[in-house]
J.: 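Before I ask anything, let me first share the structure, which is written out below as structure tokens.
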Protein chains: 2
Amino acid sequence: MISKLLARNKTNLLYGACLGALVFLLNWLELRFVIFEHSFEIYAGAIAIIFTSLGIWLAIKLTKPKVETVVVEKYLYTDPAIPFVLNEKALEDLGMSKRELEVLQLMAEGLSNQEIARQLFVSLNTIKTHSSKIFEKMDVQRRTQAVEKAKRIGLIP
Amino acid sequence: MISKLLARNKTNLLYGACLGALVFLLNWLELRFVIFEHSFEIYAGAIAIIFTSLGIWLAIKLTKPKVETVVVEKYLYTDPAIPFVLNEKALEDLGMSKRELEVLQLMAEGLSNQEIARQLFVSLNTIKTHSSKIFEKMDVQRRTQAVEKAKRIGLIP
DNA sequence: GATAAAATCACCCGAAAGTATGAGGGGGAA
DNA sequence: TTCCCCCTCATACTTTCGGGTGATTTTATC
């Protein structure tokens, strides 16, 4: 808080100093004008330059900085190195349950729903429900898409 | 009634107007005098104001907006660093045609027969025939199996 | 030009896949 | 305890897939 106040006073002091310097400069220039009668244009030009600068400075100091939001899509490449490491982050992001992942793995092996059901000792309808949930969570329509995506993001070897 | 009243006061109104005009004239003359006396200061002030405004305008127009980036994570294909080499021997052993391989690749991307048909500008029935031949040649029953096997033996990245 | 393979398309039918909805038990978190 | 999610199963329905069969056209090859 104190530092803020100091910073504000600092700016004020700086501004005052600049103003003072400016007045001195103007007086000096006026004196020159009196002495050299034909230097009015130079004086006007100096004023123009100085006050243009002042305007720029003021604008920079007093306006809120423009903020432009840029959305950058960061593509996450998964390393297909031989030792497969399950992408747990993706798994959690998608909200996949253990059972669903299990079904997904068997799907990737090319098993039919009926075969998966038999292998997991559950009914065909259960596998259908699981696969529906999988497709929903993975945002795909077909098992082939699910498998392709699963391999891509490291849910499956 | 209003017109009568106006007529009666006509003289008075005229007189008032003249008086007002006179006062205005005097003021204007006085202002002119003031301006004449301090014409240089006013001119300089005008330049100062105008160029301060110019400076502000320039600063606002020319400052680059601060860029704020929002990172959106997106999963994409696995690392393409590993170069895919098509297993031409397996391709020939299976007796796969170019078109069939093409269909197989689109299958692996998770497209439905209908979508593949649209993409290749042929009818759905044609794709069905192709896929049947593919399954026959690859000795599989389902597209998921075909894709799995194709990846395994190097027909597909 | 004949032949063979590939590519195209069509129709039918049953199987599999996928959608929608509901329901019930279990377990963990608020 | 209540709430929410997971797992399970079911019914009903639509869509897609795959098998079987047959046909025409194109392309390549001898």
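Chain letters run A, B, ... following the sequence lines, proteins first and then strands; every chain starts at 1.
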J.: Ignoring backbone atoms, establish whether B/Arg143 has a side-chain N or O less than 4.0 Å from OP1 or OP2 of C/dA16.
T.: no
J.: A/Asn113 side chain: which of C/dG18, D/dC7, C/dA10 is closest?
T.: C/dG18
J.: Between B/Arg99 and C/dT8, is there a side-chain N or O to OP1/OP2 distance below 4.0 Å?
T.: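 For C/dT8, OP1 or OP2 has a side-chain N or O of B/Arg99 closer than 4.0 Å.
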J.: Tell me the interatomic distance from B/Ile127, atom CD1, to C/dA10, atom P, rounded to whole angstroms.
T.: 12 Å
J.: In this structure, how many angstroms lie between the C1' atom of D/dC5 and the CD1 atom of A/Ile134, rounded?
T.: 16 Å
J.: Evaluate side-chain contact (heavy atoms from CB on, under 4.5 Å) for A/Thr144 paired with B/Met107, printing each intermediate quantity in order.
T.: CA-CA 8 Å; A/Thr144 45; B/Met107 246 181 212; over 6 Å; no
J.: For B/Lys98 and A/Ser112, find the nucleotide of DNA chain C closest to each by heavy atoms; which residue's nucleotide sits nearer the 5' end?
T.: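 The residue mapped nearer the 5' terminus is B/Lys98.
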J.: Checking contacts here: which listed nucleotide (C/dC9, C/dG18, D/dG18) is nearest the side-chain heavy atoms of B/Val122?
T.: C/dC9
J.: Rounded to whole angstroms, how far apart are CD on B/Gln141 and C1' on C/dA17?
T.: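 Nearest whole value for this atom pair: 16 Å.
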J.: Does D/dC7 have OP1 or OP2 sitting under 4.0 Å from an N or O in the side chain of A/Ser97?
T.: yes
J.: Do the side chain of A/Lys149 and the main chain of A/Val140 share a donor and acceptor less than 3.5 angstrom apart?
T.: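 Flag not set: sc A/Lys149 to bb A/Val140 has no pair under 3.5 Å.
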J.: Send over the distance from A/Phe135 CZ to D/dT16 C1', rounded to a whole Å.
T.: 12 Å
J.: Please tell me if A/Ser123 has a side-chain N or O lying less than 4.0 Å from either OP1 or OP2 of D/dA10.
T.: yes
J.: Please walk me through it: do A/Glu100 and A/Lys137 pass salt bridge (Lys or Arg N to Asp or Glu O under 4.0 Å)?
T.: CA-CA 10 Å; A/Glu100 284 161 358; A/Lys137 288 178 179 177; 2.8 Å; yes
J.: Nearest whole Å is fine: how far is C/dA23 P from A/Lys128 NZ?
T.: 20 Å
J.: With a cut-off of less than 4.0 Å, is there a side-chain N or O of B/Asn125 near OP1 or OP2 of C/dA10?
T.: yes
J.: Are OP1 or OP2 of C/dA16 and a side-chain N or O of B/Arg142 less than 4.0 angstrom apart?
T.: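 So the side chain of B/Arg142 is outside the cut-off, no N or O lying under 4.0 Å from OP1 or OP2 of C/dA16.
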J.: Are any of A/His130's side-chain N or O atoms less than 4.0 Å away from OP1 or OP2 of D/dT8?
T.: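 Answer is yes, contact under 4.0 Å.
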J.: Take atom CG of B/Leu104 and atom P of D/dG18, then tell me their distance rounded to the nearest Å.
T.: 12 Å
J.: Taking side chain as C-beta onward, heavy atoms only, is B/Asn113 less than 4.5 Å from B/Arg143?
T.: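 Side-chain contact under 4.5 Å: yes.
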J.: I need the CG-P distance between B/Leu101 and C/dA7, as an integer number of Å.
T.: 11 Å
J.: Counting distance alone, no hydrogens or angles: does the base of D/dC9 have a donor or acceptor under 3.5 Å from a partner atom on the side chain of A/Thr129?
T.: yes
J.: For B/Glu115 and D/dT16, give me the distance from atom CD to atom C1', rounded to whole Å.
T.: 11 Å
J.: Report yes if at least one side-chain N or O of B/Thr126 is closer than 4.0 Å to OP1 or OP2 of C/dC9; otherwise report no.
T.: yes
J.: Should we say atom CD of B/Gln114 is surrounded by more than 12 heavy atoms from elsewhere, each under 6.0 Å from it?
T.: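 It does: B/Gln114 CD has more than 12 such atoms within range.
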